[in-house]
Structure formats: structure tokens, C-alpha cells
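The next block holds one structure in the form of C-alpha cells; read it before the comments.
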Amino acid sequence: MEFLIQNIFNALQWGSFYALIALGYTLVYGVLLLINFAHGDIFMVGAYIAFFVTAFLLGDFGGMASGALPGWAILALAVPLTMALTSCVGVTLERIAYRPLRRKGAHRLYVVITALMCGLVLENGNLALLGASRKKFPELVDKAIWTFGEVSVTNLKVAVIVAAVAVFLILQTIVTRTKIGMAMRGISYDKFAIPLMGIPVDSIIVFTFVLGSGFAGLAGLLFAMSYPILEPYMGALIGWKAFIAAVVGGIGDIRGAFLGGFLLGFIEIGVAAVFPSTLRDLLAFSILLVILWWKPTGLFGVAKTTKI
Amino acid sequence: MALLEISNLTQKFGGLQAVSDFNVSIEEGSLVGLIGPNGAGKTTIFNLTSGFYQPTEGHIVFNGRDTRGLRPHQITGLGIARTFQNIRLWHDMSVLDNIRVSQHYRMGYNVWDAFLRTRRYVEAERGIDSIAWDLLDAMDLRDYANELPKNLPYGLQRRVEIARAMSIRPKLLLLDEPAAGLNSADVEDLIRLVGWIHREFNITIWMIEHQMKVVMSLCSEIKVIDFGATIAEGTPDHIQSDPTVIKAYLGDENI
Amino acid sequence: MQKYTFNAVLAMGAIVIVALSYYEVLDLYVQTVLMLMGINIILSASLNLVNGYMGEFSCGHAGFMCVGAYVSSLVTVILFTKDKVFGAPVLDPELAVWFFPVAIGIGAAVAALTGLIVALPSFKTRGDYLAIITIAANYMVISAIENMDFIGGPRGFQGMKRVVNSMTDVIDIPWMMIWIIVGTVFSVWLLRRFVSSTYGKGIIAICQDEVAAEIMSVDTNRMKLAAFMLSSGLAGLAGGLFAHVYGYINPQSFNILKSTECLVMVYLGGMGSLSGSVLSAVLFTLLIEALRFFIPELNAMMHGIGILPDSYEIGQVWKWVIIPMVLILLMQFRPEGILGNKELADVFPRLRKFYSFK
Amino acid sequence: MLLSVKDLYVKYGNIEALHGISFHVDEGEIVTLIGSNGAGKSTTLHSIMRLPPPEAPRVTSGDIAFRGESILGMAPHTVVSTLHMALVPEGRHIFGNLTVMENLTLATYARKDAHGAQRDLERVFELFPRLAERRRQRSESLSGGEQQMLAVGRALMSGCNFILLDEPSMGLAPLLMYDMFRTLKRLNQDGMTILLVEQNARLALQFAHRGYVIDTGEIVAEGTGLELLDNPEVKKAYLGG
Amino acid sequence: GDTLKIGFNIPLTGDIPKVGESSRNAAEMLKEDINSAGGLEVGGKKYKLEFIYEDNESKAESAVNVALKLIERDEVLAIVGPNSSKQAVPAGGTCDDNRTPMISPWSTNPDTTYERPWVFRAAFLDPFQGPVAVNFAAKQFGAKTAAVIFDISNDYSKGLAEIFRDVWEKKMGAGTVVAFESHGTKDQDFSAQLTKMLAAKPDFIFIPDNYNQVALIIKQAHDLGWTGPFMGSDAWGSAELIDLCGKDCVGQYFSTHYAAAGAKGATKEFIDRFAAKYGYIPDDVAALTWDSTRLVLQGIQEAGEVKSSVTKMRKAIRDALASITQFDGITGSMKFDEQGDPIKCAVVVRINENGEFVFTEQVCPE
Ligand SMILES: Nc1ncnc2c1ncn2[C@@H]1O[C@H](COP(=O)(O)OP(=O)(O)OP(=O)(O)O)[C@@H](O)[C@H]1O
Ligand SMILES: Nc1ncnc2c1ncn2[C@@H]1O[C@H](COP(=O)(O)OP(=O)(O)OP(=O)(O)O)[C@@H](O)[C@H]1O
Ligand SMILES: CC(C)C[C@H](N)C(=O)O
Ligand SMILES: [Mg+2]
Ligand SMILES: [Mg+2]
């Protein structure tokens with residue numbers, strides 16, 4: 001029983017990261033129908049930005065007097081700064097790589113391939129510029145481990161889960177309740193008609209990238225706090241998997257990404273807890289395949305009805 | 001026995017009953033019209049006939065054969081070809097290839113023949129080619145054989161779409177709003193074309209159309225539906241003066 | 001006879017390459033690069049069938065390559081070599097010369113069957129949902145092999161070198177080079193025949209409008225089956241050749257990154273252009289290898305003109321920064337790939353009289 | 001003069017689609033452009049709305065002016081939001097993944113007056129009761145004609161006082177088509193300026209105050225609706241026998 | 001010509017980049033030493049050294065490619081590396097097939113050199129290291145049960161984990177390895193495995209894993225409430241371990257090749273010079289690379305003269321290396337057996353509060 005509860009917590013935490021990243025995927029996809037394969041790497045960049053921001057705030061680059069700020073204050077500053085800076089990265093990619101292609105009317109998949117390439121540039125550019133050594137993310141807040149019988153939970157785990165839920169609620173509200181959200185969904189269906197509604201397409205797209213990358217930055221920060229070793233490839237695998245999670249949930253649907261993320265988290269932890277962990281990918285993906293077989297457009301996805 | 005017998009056809013989308021208890025029987029060699037207000041279920045009936053939807057209830061019997069459970073390409077193989085309300089050509093494939101590919105059902109060879117270029121393959125391809133060219137000639141499209149449909153004017157695209165459907169050598173041709181988007185002059189051409197096809201190939205045609213001029217000058221019999229059910233049927237003259245049809249569909253021209 | 005020019009040139013080229021390899025004018029490294037090029041050509045051309053001609057977005061091509069590589073390696077290693085796990089050779093190693101293509105064929109066939117995990121869902125699913133099925137299939141294949149300890153699991157599988165050696169023991173010619181050339185030409189030829197038949201054009205119709213295709217009598221399910229199986233079968237063929245060139249395979253060599261490379265080659269060449277795929281595979285392979293030599297030069301030059309601080313060296317890491325950047329730039333200039341959806345002969349119609357290839 | 005197009009040349013890539021088109025629309029007028037398929041009618045409307053490529057062409061010379069001021073440098077969404085123009089595009093272009101209601105709401109994106117929007121919504125529902133019935137349906141599953149209603153309704157929701165219609169009657173049943181034209185007339189009487197592109201040339205010319213005939217990117221005839229209806233060449237080429 | 005080319009097949013990027021960096025640093029230092037003295041004297045003539053560093057990205061197939069490139073393109077006389085068994089095992093095969101001497105500084109898996117006359121190494125083997133860890137943990141922690149977590153896709157990690165399990169169960173009885181869990185190289189979350197392990201209540205946890213994963217595993221174990229000891233293996237011994245792991249690692253033990261803290265003689269001299277030059281205490285791999293490269297140089301010198309043909313020279317070097325029976329390196333003195341494996345001592349070190357690896361115990365083969 002305690003084993004089970006402990007693993008539920010493990011899965012919730014791990015699923016939170018999938019969910020957070022999957023939300024970013026879905027958001028961009030929901031607008032541009034672009035599988036932004038660079039998203040996992042934007043998440044990685046987010047973690048590095050968080051690292052440099054905190055290092056700066058901690059006084060490592062002579063930014064501030066050492067120890068001038070308590071850990072929680074640094075964290076409170078790091079969150080918005082990281083999100084803002086990571087947004088800039090996302091928006092930059094959109095501006096210099098994706099937008100020109102869109103303007104030229106390139107096939108959608110060329111943009112996807114460009115996104116893949118951008119991801120590689122981010123990964124390897126990081127490696128080339130910062131060197132191959134990993135970075136250790138500093139501990140900002142004192143770790144509190146709460147133990148109930150055999151079950152241990154840290155304050156960080158709770159924070160991660162809460163953050164994932166909060167981000168989900170925020171995005172869900174934006175996308176379904178606001179006009180800007182409607183515009184975001186509208187673009188994915190018919191980009192041509194959007195300006196005819198008086199909507200500035202590019203601003204909406206930029207806004208989407210700001211949101212998506214900003215939350216990827218948040219995810220990066222939280223991830224760096226939970227798994228404090230940063231390396232340039234940290235976003236690649238988790239990014240691919242989060243993408244899969246997003247699709248299983250029904251890509252383009254915020255609820256789908258959220259649920260898909262947690263679903264993948266639970267399956268992975270569940271498999272590793274019961275079977276030898278090497279079977280994890282095999283079983284996890286088989287389950288996902290079965291889900292897609294059963295619902296070909298994911299849990300929440302609506303099949304585009306072909307009117308003929 | 002009529003060529004197409006539809007009985008008690010009903011189609012539901014969720015709570016919406018798009019077609020309800022629809023019956024029709026189309027005789028071989030006739031040219032029948034299907035009209036009705038927007039959203040009446042006309043296209044849905046065509047979709048059911050061509051197998052794109054499986055009916056919730058009812059039967060569609062074509063040439064003595066119940067088509068339930070058949071996939072669309074099989075139904076087409078039986079001899080039902082159609083065009084679409086919004087043109088659905090393969091826009092990045094030459095006109096000629098459009099007409100070749102739609103003869104898939106009678107190809108008669110398999111992958112291995114394609115790899116090995118067997119006799120069977122060569123003969124089948126030759127047959128497909130000659131049918132395609134004949135048709136292009138017959139429909140005055142020879143000059144455009146190597147053009148991409150997307151580069152053709154709308155009127156010609158319509159014509160290519162009809163040619164593509166004809167390449168199936170259908171017994172029954174379904175035309176879904178063939179005149180939509182055509183200007184008046186092109187509409188005249190279309191009327192001539194459809195009439196010619198009807199006579200020349202001696203096939204049965206069933207068409208949906210909102211332009212009364214087309215329907216009235218071509219169809220020998222017209223069926224009017226609303227809310228998925230028949231509200232009137234008969235000859236063009238009869239329909240044009242039927243008060244229910246005027247009220248539900250034709251309206252008065254006075255602006 | 002003019003129309004056989006192309007075939008003659010091709011045959012001459014092949015003979016020249018084999019001869020140069022035989023007399024070691026081309027060193028092993030150049031040979032390896034050439035062979036890799038051949039493998040890449042097969043990969044990109046076969047993936048183009050699904051991604052370009054059929055318009056699906058398959059991102060798991062390396063998974064099928066993996067199946068082909070493992071299966072054919074297993075067959076040859078069990079049959080022809082003494083192996084720690086599988087014991088003495090089943091057949092006389094000298095027979096490897098004759099049996100090798102069969103083994104590769106078996107690998108390709110099994111890979112084609114594996115293609116079913118993608119082909120069957122494709123009846124119901126399209127687009128990005130199918131894309132993740134392909135990714136998942138890639139992961140599943142790798143994961144399945146990692147869980148098979150008897151073939152080395154995650155630590156890879158070896159011994160194919162001995163098979164190749166036993167071929168050279170019979171006749172000392174550059175066997176792998178020959179097989180690669182044969183395999184590459186065969187694959188491209190097969191694909192070319194497929195897509196130029198009315199049968200194969202059904203796939204292009206599916207790409208452009210699946211609904212219309214189905215209603216205009218194209219059996220879409222059967223076409224998808226054919227396309228996926230042909231594509232994954234050829235990937236398996238490439239895998240089998242790859243395994244025997246390197247003599248060592250490891251499931252992670254066939255992960256998503258490898259699939260990504262295949263994708264890049266397809267889109268770089270142009271969707272729906274076989275010659276584009278061949279061209280881009282050649283360019284891509286050359287680019288990667290050229291950078292190996294170019295980067296040190298660049299480093300020296302940058303230090304020479306003093307732009308770089310002494311403490312910083314431009315290392316090989318930059319290779320994987322430069323390659324994607326080059327590709328991003330290329331896409332900006334040619335957002336439809338090198339050849340778009342045209343063949344080389346469409347761009348240079350005069351080429352047409354030099355070949356008859358149907 | 002509300003809108004004037006002067007000597008407009010536009011290109012798609014390297015292909016010139018309009019070769020020097022000039023016409024004008026006065027406030028409160030109904031003007032129609034007729035012409036055969038591919039003549040450049042839609043191209044003209046897209047240019048006026050300043051839509052970006054690849055859908056719309058590049059203007060290579062000439063000018064488009066709104067109340068005398070050039071709008072060539074304007075972004076399409078500002079054309080809609082500040083000049084209060086609206087386009088009902090050919091081929092409907094509704095947002096199929098949104099519900100009918102969401103489509104209508106989205107059209108009010110740039111509007112500040114919630115009150116006016118509410119009034120317009122009522123007007124649209126009055127005009128097309130079918131839309132009111134279907135307000136929660138995903139709009140891509142609407143029938144062809146229903147989608148056309150939505151496209152027109154959506155344009156009306158943007159609070160425009162100058163509406164450009166590109167083949168609005170396409171796919172509409174006769175009854176509805178006449179209804180719609182009557183409504184447009186009423187809107188016009190209330191002050192709405194209308195630029196209409198229509199395949200049904202006879203109907204369009206009867207309906208409009210003035211008309212222009214476009215042929216392969218050039219204006220070949222102009223005049224009042226009745227004049228054009230009587231013009232023998234127009235009759236022959238565009239009105240059918 | 002008058003240069004001698006030696007190739008280095010090392011991980012400058014990928015999972016364990018610090019390992020490659022340390023290798024290169026040590027090699028550069030050695031090269032500068034020798035070249036500044038005019039070069040390496042072979043058969044009475046001095047030859048400059050040229051070292052070629054190629055990145056194997058910490059991937060098996062790249063290691064094979066790199067080996068091929070060094071052999072065919074650069075025509076090196078011998079190859080030093082790869083360090084990790086994951087790459088050394090396949091690359092060893094390539095070198096052996098292509099008759100080029102290879103010496104891996106740090107690979108401890110038996111398969112690297114097994115039946116490969118052209119492949120050598122400078123590190124002890126896992127069948128030796130396993131019992132060292134077993135005996136030390138049993139004694140130091142008074143442990144009766146153990147749990148193991150390892151990287152399944154790493155030959156080294158998997159091999160050592162299995163050896164450890166066998167030896168431990170032989171010593172303590174069947175079933176005393178209460179949990180034996182695996183993970184993948186790129187994994188970041190180990191909570192499910194750790195939960196399972198902790199539920200089995202072992203006396204300590206054995207982690208034969210690379211330093212970067214060690215840091216994550218230990219932290220997550222602590223998060224899950226584990227307070228007991230860990231035992232590690234030589235793959236912990238990187239200069240980066242303590243940066244990454246921080247205070248979570250303090251007080252843990254691992255078996256390794258040499259202990260920098262408290263070294264004497266030539267070893268101390270090496271450590272001091274290295275630390276002065278590169279700003280950190282040389283880790284195992286630096287020391288082992290130094291030894292390996294010196295072994296190669298000794299092999300070249302013993303070949304007697306520099307032959308004009310590379311293949312002949314390679315053969316001569318291999319033969320010379322195979323005939324070296326005793327070598328005094330900075331990681332201790334080693335004798336070579338017929339497989340080309342050294343027989344040398346291991347040490348167990350403790351990580352102290354300053355992050356130094358403090359000598360605790362030396363274990364020598366009997
Ligand atoms: N796939 C679907 N899902 C839900 N509703 C649908 C679907 N297809 C059609 N409908 C509904 O069924 C009704 C009939 O649609 P259909 O397309 O058959 O109309 P139609 O008679 O062809 O009209 P039009 O003349 O406007 O083309 C419409 O109200 C439409 O909204
Ligand atoms: N996006 C585009 N790219 C390239 N050429 C185009 C594009 N859109 C239209 N054209 C070309 O511009 C010319 C004018 O087209 P336009 O759509 O304006 O005609 P139209 O008068 O609206 O015809 P229709 O009655 O068919 O709608 C045509 O020759 C067409 O082929
Ligand atoms: C971690 C590695 C660099 C070294 C380890 N001893 C091995 O053989 O793999
Ligand atoms: Mg319809
Ligand atoms: Mg138009």
C-alpha cells in the first residue's frame with residue numbers, strides 16, 4: 001500500500017514534467033499545426049537560463065553581493081526572469097526560422113524539419129559554447145522531506161505538481177474562454193481568414209510562442225531543481241516523449257496534453273515499479289499504441305470531419 | 001428492376017437526423033435531379049450512396065446488389081462514380097494521371113507485376129492509357145493532359161472532375177452541384193456537356209443542383225427534399241409550380 | 001542507343017568504384033563513406049515513398065532499419081560464424097558468398113512485416129497521430145531488442161565482420177562495396193518502378209486527397225499497406241547492409257536521431273522526388289564527412305586572424321551546429337527541398353533522352 | 001469616394017494577375033465586379049483587403065486609397081479594425097474547428113462596442129435562423145450552404161460599414177439566395193457600402209447600382225447595372241444565351 | 001616523416017565529456033613534456049609526437065567510426081582509448097580486425113581485450129573490482145544485504161553489477177541481493193526503481209554507474225527517505241562528481257584506481273603539475289591516460305626503430321607492448337597477463353567534506 005502511494009507520488013511528479021512540456025507542444029501545435037520539435041530543447045534552454053539567472057542572483061558573476069538575497073527571494077525572482085528569457089528564445093526561433101518559411105508558403109513539414117534542426121542547433125550550440133561539463137543547479141530552498149510511514153514527499157515534489165495543475169488551468173482558460181484563445185484555435189484551421197476578423201495573425205502566433213516557451217522555461221526551472229544536473233541533451237528524450245503524450249491526449253487540446261502527460265508518467269513509473277525497468281519503453285509505447293488504436297485521434301482529439 | 005433502389009434510408013449524426021426515411025428508385029438511363037434547401041441532406045444521400053458513410057438504417061441496392069458493408073472503392077468498382085460539391089481533384093498530378101489513377105479498380109495487376117513489368121502490367125497500362133486519351137479527346141481536354149488541375153480555370157476543373165468520374169465507365173454518375181461557382185456562360189457549356197454525356201455514353205445521372213436553369217433543362221424527373229425527407233417529386237414543370245417547393249426552396253425572385 | 005547512356009554510365013561508375021576499392025586506391029575510410037552514402041540513398045529514397053509520395057509523416061524509419069540489421073546479422077552470424085552464443089557455424093562459411101543476399105532479403109522481409117505495426121494503424125489514423133505511431137514503433141523496436149539479452153541487448157551485436165571476412169576468403173574482392181552498389185541500384189529501381197506505375201500513383205492520390213482517392217476506386221488500405229511495407233522493407237535492406245559494413249550494431253544506433261537524419265534527407269531532397277532523395281543523401285553524407293576536415297581548418301583560420309580567444313578551440317562539436325544551420329538556411333532558400341516534387345529530368349528535360357528507365 | 005483603385009498591377013510570384021485596374025466605390029453604393037472564371041475578381045478583393053502572400057498577390061504598381069488615403073502599407077487586420085471593411089471570402093473559410101457561435105464571436109475580436117456586437121448578433125440570427133439553431137455545432141459539419149450563411153454572418157458581426165462579398169450566392173438554395181440579397185439591400189439602405197463579386201451576373205447587375213466587367217485582369221466595361229445588362233457584348237459573354 | 005602519430009578515441013561530448021577532457025589534458029601534458037625535450041627518442045633518432053584527438057560522442061558506433069578514421073585516414077601507430085567499456089568493447093574489435101594496437105586507459109570490462117591480441121588496457125578488471133567492493137562493504141558497513149542499481153546499456157555497469165551480485169550472494173547467501181534494478185543511459189528519474197529498492201530494505205546500495213547518474217540517483221534516494229550508505233565503483237572517480245553531487249555524496253565510498261589525496265613520489269609530481277596546469281586534481285582517467293600513453297611510447301621505443309610502413313610499425317609496437325611484463329605507472333605498478341590485462345592494485349576512497357577522495361584501503365590481487 002505504501003509502496004503504491006509512494007509510486008503515485010513519483011508518477012505525479014514525473015508526469016507533471018511530461019504534462020508541462022506537452023502543454024507547450026500542444027499550444028504551438030494548436031495554433032500552427034507545427035510540431036515544434038525544438039520544444040524539448042527550449043525546455044533545456046529554460047533550465048540553463050534558470051541556472052544562469054540563479055547563479056547571477058547568487059552573486060556568481062559579481063551580479064550581486066553574495067548572500068544578499070535569501071533562497072526563496074532568488075527563486076521568486078528566477079521564476080519570472082526565466083520565463084521571460086525563455087520566451088525570448090522561443091519567439092526568436094519563430095521569428096528567424098519559422099516565420100519566413102510560413103511567409104513563403106512552405107509545406108508544413110518543412111517547418112517541422114526546421115524545428116528539428118533548430119532543436120539540434122540549440123543542443124549542440126549549447127554544448128559547443130558552454131563546454132561539455134554538466135552544470136549543477138544550486139539548491140535554492142531548503143529541502144523538506146515529509147515522511148508518512150514509508151512514504152516520503154519533498155516540498156519540491158508538491159510544488160511541481162501544483163505548478164503543473166496551475167499551468168494547465170491557466171492555459172485551458174486562455175484557450176477556451178478568451179477571444180485570443182479562439183483566435184489561436186481559429187488560426188490552426190484557417191490562417192487565411194484570421195486577418196479578415198481584424199486579428200493580427202503574427203501577434204497571436206508570437207503570443208503563443210511566448211506562452212509555450214515561457215511555460216517550458218518554468219518547467220526547465222522546476223526540472224533543474226528536481227534533477228539538478230543540467231546537460232545539453234536533457235530536453236531531447238523527455239521532449240520526444242512529451243510530444244507522444246500530447247498526441248495521445250489529442251494534440252491541440254490542452255486537456256489532452258495535460259492528461260496525456262500524466263498518463264505517460266503513470267505508465268512509465270508503473271512499468272518500472274512492477275517490471276524490470278528495461279521493459280518500460282516497450283510496454284509504455286505498446287499501451288499508447290493501443291490507446292491510439294482505440295481512439296485514433298487521441299483521448300480528446302476531435303477527428304476533422306471531412307465534408308465532401 | 002431499377003438501377004438504384006434506396007429504401008428507408010436514414011442517417012443520424014449524433015442527435016441530428018440528416019436523412020430520414022428516404023426512398024428513391026432510379027431507372028437505368030434516366031437523368032434525375034435532387035434539390036432542396038441547404039442542409040436538407042442531399043450531399044449526405046450522395047455520401048451514403050457512394051459508401052463514404054454507412055447508413056444508420058435502410059438499404060441501398062445498386063444493380064441488384066446491396067452495398068451495405070462495402071468500402072467506397074468497391075462501390076465505385078460496381079459502377080457508381082461521383083463528383084464533389086467542392087472540387088476534389090488531385091491537384092498536383094497531371095490531368096492525365098488524374099484520369100489514369102481513377103481507373104484503379106480495373107487495373108488487374110498487383111505490386112509484383114508493377115515491379116517486374118510483366119505482360120499483364122503492360123497490357124493493363126496500355127488499356128488504361130487508351131481509355132484516358134479517348135476520354136480526354138471526347139471531353140475536349142486533350143490540350144490540358146499534362147497541366148496540373150490547380151492551374152486550370154475553375155470551369156475546366158469541373159470538366160476534368162467529370163472526366164475523371166467518367167473514366168470509371170460508371171453506370172451511375174452522381175453530380176454534386178456541378179454548376180456551383182461557374183459563370184453564366186460556363187453554365188451553358190455544362191448543361192450541354194452533361195446532356196451530351198448522358199446521351200453519348202447512355203448512362204444514368206443523378207445530380208444535385210441549386211441553379212434551377214440547370215436542373216430544369218436537364219432533368220426528366222426531380223426529387224425535392226427537406227430535413228432529409230422527400231417533400232415533392234415529379235417533372236420539372238410540376239415541381240416549379242408546387243407551392244410547398246416554392247415556399248421551402250425556390251422562394252420568389254423579387255429583390 | 002542514346003537512351004542507355006545512363007545505364008552504361010551507372011555500370012561503368014560501379015565498376016570503377018569497385019576496382020578502385022580493390023586496388024586500394026580508395027582507402028577504407030573513403031570506401032566506408034561511399035558505402036554509407038549508398039545506405040543513405042536507400043534510406044532516404046525509401047522513406048520518401050511514405051513521407052513524400054504518400055504524404056504521411058513517418059519518423060521511425062530507423063526502427064525498420066534496425067529490424068533489418070539485426071535479423072540479417074543474426075542469420076549470417078548463426079549460419080556462417082563461430083559465435084560465443086550461437087556456437088559453431090551451421091553452414092560452411094564459404095557459402096556466405098551465395099547466401100548473403102538471401103540473408104539481407106530475409107532481414108528486409110522481416111522489416112517489411114514489422115512495417116505492419118505502422119501500416120495497420122494507418123487505416124484509421126492519419127497525419128500527426130500516425131507520426132507518433134511511427135515514433136512509438138521506433139522506440140518499441142529498439143526497446144524490444146534491448147530486452148533481448150541473447151543478442152547483446154543494449155550492448156550491441158557483433159560478428160558480421162567475420163561473415164564478410166569469410167566472403168573475402170573465397171574471392172578477395174571488396175564484397176560489401178559490391179553489395180551496397182547492387183542494393184542501392186536495386187532499391188532505387190524498385191521504387192522508381194513502383195511510383196511510375198498507375199498502381200503506385202494511387203499513393204500520390206492518397207497524399208493529395210485521400211477521400212477522393214478512396215471514392216475514385218483506389219483501395220487506400222491496400223495501397224498504404226504496400227507503401228509502408230515496401231518502404232520499411234527497403235529500410236531493412238539498408239539496415240542489413242549497414243550492419244555488415246560496420247560489423248557492429250547497437251540498438252541505439254537506430255534511435256530517433258537516425259530517423260531524423262532520414263527525415264532530413266527526404267525533405268532536403270524534396271518530397272516526392274526520387275532523384276532529389278538520391279541527391280540529398282549524397283550531399284548530406286558528404287557534408288557530414290567534409291566538416292570533419294573543414295572544422296579544424298576553420299579553427300586554425302579563426303585563430304590565425306585572431307577572432308577567437310586562445311582558450312577556445314572550435315571542435316568537432318560544431319559539426320552538429322553547422323549541419324543543422326546549413327539545413328535551416330537551405331530550407332529558407334528552397335522551402336520545397338532541392339528539387340521540389342520534380343525529378344531531375346523534369347528540371348533538365350534534356351537529360352531525358354539519355355535514359356529509359358521505367 | 002470611399003474606395004478608389006487606381007491603375008493597379010499585381011503579381012503572384014512572376015505571373016501578373018491584374019494589368020492596371022481602376023475603379024471606385026462611393027459611400028452607400030452597391031458596386032459589382034463581374035467576369036469569367038480566373039478574370040481576377042477575387043484577386044482584386046484580396047488586394048483591397050491587403051491580405052499577405054501566398055493567398056494574395058503583391059502590388060507592383062498603382063494605388064488603393066480609402067477616403068483618399070493610400071492603404072497599401074496597411075496590415076489586413078488594421079484594414080478590418082480601423083477602416084471597418086469586411087470580406088466574405090470565396091470558399092467560405094469558416095473556422096471549422098470552432099462552433100458557430102465561436103465563429104461569430106471571433107469576428108468581434110477588434111470591436112470595442114459590446115452593445116453593437118449584441119445587436120449585430122441578433123440581426124444575423126434573424127437573417128439566418130438556421131445558424132441560431134446550430135449555434136453550438138462544430139461549424140465544419142455544417143452543410144455547404146449553412147457554411148456560406150456563417151461566412152456572411154461572420155462578416156456582418158465585425159461591425160463593418162463596407163462589405164466585400166466574393167460569390168456569396170455560391171451553393172445557396174434559391175430561396176436563401178434571394179433572402180440574402182434582400183437583406184443586403186436593406187443593409188445598404190441603412191448605409192452599408194457593398195462591393196459584390198458574383199458569378200450570377202444577371203442577378204448581380206440587377207442588384208447593383210454600378211458594375212464593372214473584368215476580363216483577364218483588365219476592366220473591359222463599366223456602367224450602371226442596367227446599362228451593362230443591355231450591353232450586347234456583356235450579354236453574350238457573361239449572361240448566357 | 002619524423003613525427004609519430006598516436007590517436008585518441010575519447011568522449012569529448014556525450015554522456016561523460018569530462019572523461020574525454022581529462023584524457024586529453026593528461027595526454028597534452030605528456031606530449032608537451034616530450035616534444036619540448038626534442039621528441040621521443042627511437043633507435044637513436046628523435047621524433048616529434050603528434051596526438052590526434054577524435055570525439056566518440058560517448059557512443060559505441062561513433063567509437064567504431066573514429067577508430068576506423070584514425071586507422072585509415074590518419075594512419076596512427078596506435079590508439080589510446082576509448083575509456084568506457086561501452087565504446088572500448090566494439091572499438092577494440094575494430095582495432096583488432098584492422099591490426100592496430102589499442103590501449104584503453106579505463107575500460108574494466110573483460111570483453112574489451114578478450115581474445116584480442118591487439119588490444120591492451122591500463123586498468124584492472126571488473127572481476128577483480130567486484131570482490132573489492134563486496135569485501136569492503138561487508139566489512140565497513142557490516143552489511144548483510146545489498147541493493148544494486150545499474151545502467152543496463154553500459155557493458156561496464158551491467159557487467160560489474162552482475163559480478164557484484166554473484167560474489168555477494170556467494171559470500172552472504174542466496175537472496176541477499178534484495179534488489180537488482182536497472183535503468184537506461186539517458187534516464188533522469190529513478191524514483192520507481194529506488195522505491196522498489198528501498199522497500200526491500202537493504203543495508204546499503206551499490207551503484208556501479210557513471211558519475212553523472214550517480215549524482216541524480218543518490219539525491220533521489222535521499223528524497224525518498226534513504227539515509228543508509230552507498231558504495232560505488234571506479235566510474236565515480238571523475239573530477240566532476242563532487243560538483244554535481246554536492247553534499248549528497250559526502251561520506252560515500254567507492255573503489256578506484258588511485259587516490260590523489262595523499263599520493264607520493266611520481267604520482268604526487270604528476271598530480272601537482274596537472275593541478276597547476278588545468279586547475280583541478282587529476283581524476284582516475286587522467287592518470288590512467290598518462291600511463292596508457294606512456295605504455296604506448298615505451299612500446300614504440302622498444303620497437304627499436306621507426307619503420308617506413310605503418311603496418312609493420314604497428315606490428316612492432318604490438319609485439320613490444322605484448323612483451324612488456326612490468327610497468328611502473330603513476331597508478332601503481334602493473335604486470336601484464338597474456339590477454340594484455342594489467343595485474344594491479346585497487347584502492348577504496350572516501351569522499352570527504354571538501355569533496356576530496358581520501359585513501360581508505362588498498363586491495364591488491366593475491
Ligand atoms: N459529418 C457530419 N456530422 C454532423 N452533421 C453533419 C455531418 N454531415 C452533414 N451534417 C449535417 O447534416 C445536414 C445535411 O447536410 P448535407 O451536407 O447533406 O446538406 P445538403 O443538402 O448537401 O446542403 P447544401 O445544399 O447546403 O450542400 C446538415 O444540417 C449538416 O449540418
Ligand atoms: N494564390 C495564387 N497563386 C498564383 N496564381 C493565382 C493565385 N490566385 C489566383 N491566381 C491566378 O490569378 C488569376 C485571377 O484569379 P482570381 O481568383 O482572382 O479569379 P476570379 O475572377 O476570382 O475567378 P473565379 O470566378 O474562379 O473565382 C487566375 O489566373 C489565377 O490562376
Ligand atoms: C566509466 C568508464 C569511463 C570507465 C569504466 N571503468 C568502464 O569500463 O566503462
Ligand atoms: Mg451539399
Ligand atoms: Mg474568385
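All chains are named by letter (A, B, ...) in the order of the sequence lines, taking the proteins before the strands, and each is independently numbered beginning at 1.
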Quick one: what part of [X] sits under 4.5 Å from any heavy atom of chain C, side chain, backbone, both or neither?
X: B:A124; answer: neither
X: B:D97; answer: side chain
X: B:M107; answer: side chain
X: B:I75; answer: neither
X: B:F84; answer: side chain
X: B:Q103; answer: backbone

Flag yes if more than 12 heavy atoms outside [X] fall under 6.0 Å of its [atom1] atom; otherwise flag no.
X: C:F57; atom1: CZ; result: yes
X: B:R169; atom1: CZ; result: no
X: C:W98; atom1: CH2; result: no
X: B:R106; atom1: CZ; result: yes

Inset, instruction - Would you please say whether a donor-acceptor pair under 3.5 Å links the side chains of B:Q11 and B:T44? - result: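 Absent: no donor and acceptor within the cut-off.
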Inset, instruction - Identify which of C:S217, C:A226, C:G202 forms the greatest number of heavy-atom pairs closer than 4.5 Å to chain B. - result: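 Highest number of pairs under 4.5 Å: C:S217.
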Inset, instruction - Among C:T220, C:L230, C:N221, single out the residue with the greatest number of heavy-atom pairs under 4.5 Å to chain B. - result: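 Looking at each of C:T220, C:L230, C:N221 in turn, C:N221 comes out on top.
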Inset, instruction - Please work out whether the ring planes of B:F46 and B:W206 are parallel, tilted or perpendicular, with thresholds of 30° and 60°. - result: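 If you compare the ring of B:F46 with that of B:W206, the planes turn out tilted.
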Inset, instruction - Flag the one option from B:D92, B:I80, B:L89 with the top tally of heavy-atom pairs under 4.5 Å to chain C. - result: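 The residue among B:D92, B:I80, B:L89 with the greatest pair count is B:D92.
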Inset, instruction - Give, for atom CG of B:L174 and atom CG of B:L4, the distance between the pair rounded to the nearest 0.5 Å. - result: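 The CG atom of B:L4 is 8.0 Å from CG of B:L174, to the nearest 0.5 Å.
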